[in-house]
Amino acid sequence: MELKNATAVCLISLFSATLVVLIARALDSQAASRLEPHLARIVEELQAIRAGGGIATSAAAAGSPESLQDGLMVYYFHSNTRCPTCEAIESQAHAAVQEHFSAQLESGRVAWKTLNYETPAAADLAAKFEIQMPVVVLARVAGGEIERWNRLDQVWGLVGDEQAFSEYIREEAQGMIAPGSRPPSDASPEPSSVRPPEGEPDGLPIPGEPNELPLP
């Protein structure tokens with residue numbers, strides 16, 4: 001609230017300074033009378049902004065992380081260093097969410113958020129989700145609180161296959177939106193064994209060993 005009030009005060013001060021200059025230039029009463037309707041309109045607009053809680057209120061649109069009370073948050077976490085691979089993960093994940101959950105995005109039941117996990121603003125979430133590298137995280141929100149989450153480490157192995165990548169995002173997100181569709185998982189996932197190659201922080205992951213079939 002203090003930030004909102006400060007914003008309103010700054011706006012009032014800016015308008016006041018501008019009006020002083022304009023009035024000073026109006027050397028006759030006729031010019032001053034022409035300014036009077038504009039002054040009244042500006043005052044009304046400022047009063048409406050303050051009554052609405054300040055400009056910052058309009059920035060928190062429906063479905064944004066700040067206002068999402070119940071639904072699914074889809075986070076993409078990146079580091080200070082961006083490379084084509086991690087940018088591809090971000091763009092493909094965002095495209096998948098838009099394609100498969102357009103109605104939920106429109107209604108505000110699903111929201112997308114990009115964060116830099118190396119900044120103080122994202123430090124708490126990065127610690128909660130055990131972020132060690134750029135990745136997508138799904139967080140189920142209830143009553144404004146994160147009740148469970150799922151870090152999608154497999155995006156690194158699927159980024160080269162856009163269709164498989166998109167289906168992976170769809171299936172995992174649907175499982176979070178409708179928990180009954182798959183067994184719930186309240187525990188956080190184990191840290192991923194996938195790591196970018198040495199010398200390239202955001203490179204492609206090293207493939208895992210193939211599963212061995214049991215002997216007859």
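For this chain, numbers begin at 1 and follow the sequence in order. Computation of the quantities below employed the complete heavy-atom set of this structure, encompassing side-chain atoms and omitting hydrogens, waters and symmetry-equivalent molecules.
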[X] atom [atom1], over 12 foreign heavy atoms within 6.0 Å:
X    : atom1 : value
Q98  : CD    : yes
E106 : CD    : no
N80  : CG    : yes

Mind running side chain to side chain contact (heavy atoms under 4.5 Å, CB included) on E172 and N150 for me, showing each step along the way? CA-CA 8 Å; E172 295 296 330; N150 184 14; 2.9 Å; yes

With I146, the side-chain contact (heavy atoms from CB on, under 4.5 Å) member among M73, K128, R140: K128

Out of the candidates L158, V155, V135, only one should pair with I89 under the side-chain contact (heavy atoms from CB on, under 4.5 Å) rule; please name it. V155

Does T119 reach the main-chain N or O of N116 with its side chain, forming a donor-acceptor pair under 3.5 Å? yes

What closest approach, in Å, do [X] and [Y] show between heavy atoms, and which atom pair accounts for it?
X    : Y    : value
V159 : A88  : CG2-CB, 3.9 Å
H78  : T114 : CD2-CG2, 3.5 Å
R148 : G175 : NH2-O, 3.3 Å
A122 : Y117 : CB-CA, 4.0 Å

Assess whether side chain to side chain contact (heavy atoms under 4.5 Å, CB included) is satisfied between V136 and R151, documenting all intermediate values. CA-CA 6 Å; V136 177; R151 194 181 64 235; over 6 Å; no

Evaluate the side-chain proximity of [Y] to [X]: yes if any heavy-atom separation is below 4.5 Å, no if none is.
X    : Y    : value
L138 : W149 : no
I169 : V74  : no
S79  : M133 : no

Give the C-alpha distance, both sets of side-chain angles, the deciding distance and a yes or no for side chain to side chain contact (heavy atoms under 4.5 Å, CB included) between F101 and I177. CA-CA 10 Å; F101 303 98; I177 293 173; 3.5 Å; yes

Test C86 against R82 for side chain to side chain contact (heavy atoms under 4.5 Å, CB included), laying out the working first. CA-CA 6 Å; C86 71; R82 307 297 301 272; 3.7 Å; yes

Should Y75 and F129 be marked as a ring pair (Phe, Tyr, Trp, His ring centres under 6.0 Å) after you check the CA-CA gap, both sets of side-chain angles, and the distance that decides it? CA-CA 10 Å; Y75 292 101; F129 301 147; 5.8 Å; yes

With sequence neighbours left out, the residues meeting side chain to side chain contact (heavy atoms under 4.5 Å, CB included) with E167 are H100, R170, E171

Could you grab the distance from atom CG of D153 to atom CD of E130, nearest 0.5 Å is fine? 10.0 Å

One should read off an interatomic distance between S166 OG and Q92 CD, to the nearest 0.5 angstrom, of 8.5 Å

Is the ring pair Y76/W112 parallel, tilted or perpendicular, if the boundaries are 30 and 60 degrees? parallel

